[in-house]
Structures are given as structure tokens and as C-alpha cells.
Amino acid sequence: MKLSVLHKYVSVAMALLVLVSTLSLTIEKHYCADTLVDVAIFTEAKGCCAGKKAPASESKKEGCCKNEVDLIKGQDELSVKDTESFKSINKTFLVAMATVFGAIFPIEDEAPVPQDVYTPPKLFDDLYQLHEVYLI
């Protein structure tokens, strides 16, 4: 039971890892006079100067507002391994690995159960009568 629950959690974690590694993000920041006004993820940042008439002091300065776009690219290509790729593995390495693994974790034979050959002791007296215990 624990193994199947653990298997499900690992499967979900691996699926989320693939999703996050292939996800691409676009983060847009809008600065107005070196002050961060708006940050947007996946959408365009709203400008502070859009639709407003700029005051005379700001209209003289060109470029008081600026937009900064950060693009975080995800992985585009995913590779799927076939069983053909295992043919290139050195067979000597596999034999050495199996030998070391067998030495570290030996396979234990099933121990004999001592209750299989156990015979109960012979009763010389009727214990129910001796202790006067009767079923009613």
C-alpha cells in the first residue's frame, strides 16, 4: 500500500517537473520616472501615462516612462529514451554492478519456522475439570 502511494506522489512530482521545465514566462515591468509602477506576467503591463495628458514639466522630458520585458524561456525539446540506448552500456560494468549489489544486499533464504515441527505437550489431566471451568 505504501509503495503504491509513494509511486503516485513520485509520478505527480515528475509530471510537475516536466511542466515547470517546459514553461515559458514573459514578465513585463512598467517604470515611470525610475519608479516601478506595474508588473504583469503573461499580459502587458499597464502604463501610467497611457490616456493621460502629461503635465508640461514631464512633456519636456522625453522617455520618462519605459517598459522592460523579461523573457524566461523553457525547454523546447524533450527527449524520449528507447531501449535501444541500453545496448551501448558496457556489459562488464553491469556484471560488476550486479556482483557488488549482491555482496552488499545478499538474498536471504526463507528461514524455517520453528512452529512447523512443534508438537504440543500431552495432557495428563482434564484441565477443565481440574479448574472447574464449564461451558453453560
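Owing to the predicted nature of the structure, the values given are computational and were not obtained by experimental measurement. Excluded from the calculations below are hydrogen atoms, water molecules and symmetry mates; all remaining heavy atoms, backbone and side chain alike, are included.
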Checklist entry - So does Phe101 have more than 12 non-hydrogen atoms from other groups sitting under 6.0 Å from CZ? => result no

Checklist entry - In chain order, what residues pass the side chain to side chain contact (heavy atoms under 4.5 Å, CB included) check against Ile41, with sequence neighbours excluded? => result Leu25, Ile27

Checklist entry - Are Val18 and Leu23 connected in the hydrophobic side-chain network, where two residues link if heavy atoms are under 4.5 Å apart? => result no

Item to check | Common cluster, Val100/Phe105, ILVMFWY with side-chain heavy-atom separation under 4.5 Å | outcome: yes

Next on the checklist: Please check this pair: side chain of Thr43 against backbone of Ala40, looking for a donor-acceptor N/O pair closer than 3.5 Å.
Outcome noted: no

Checklist outcome for this item: Distance col, row Glu44:CD vs Thr26:OG1, nearest 0.5 angstrom, shows 10.5 Å

Checklist entry - Is a side-chain donor or acceptor of Ser24 paired with a backbone partner of Gly74 at a separation under 3.5 angstrom? => result yes

Next on the checklist: Taking Phe42 as the starting point, is it possible to reach Val39 by hopping between hydrophobic residues whose side chains are less than 4.5 Å apart?
Outcome noted: yes

Checklist entry - Hey, is CG on Asp126 packed in by over 12 heavy atoms from elsewhere, all under 6.0 Å? => result yes

Checklist entry - With respect to His30, which candidate in Thr35, Asp38, Asn67 satisfies the side-chain hydrogen bond (donor to acceptor under 3.5 Å, both in side chains) definition? => result Asn67

Checklist entry - Side chains of His7 and Tyr9: does their closest heavy-atom pair fall under 4.5 Å? => result no

Checklist entry - Under 6.0 Å from the CD atom of Glu68, do we count more than 12 heavy atoms belonging to anything else shown? => result yes

Next on the checklist: The criterion is salt bridge (charged side-chain N to carboxylate O under 4.0 Å, His left out); which residues satisfy it with Lys29, sequence neighbours excluded?
Outcome noted: Asp70

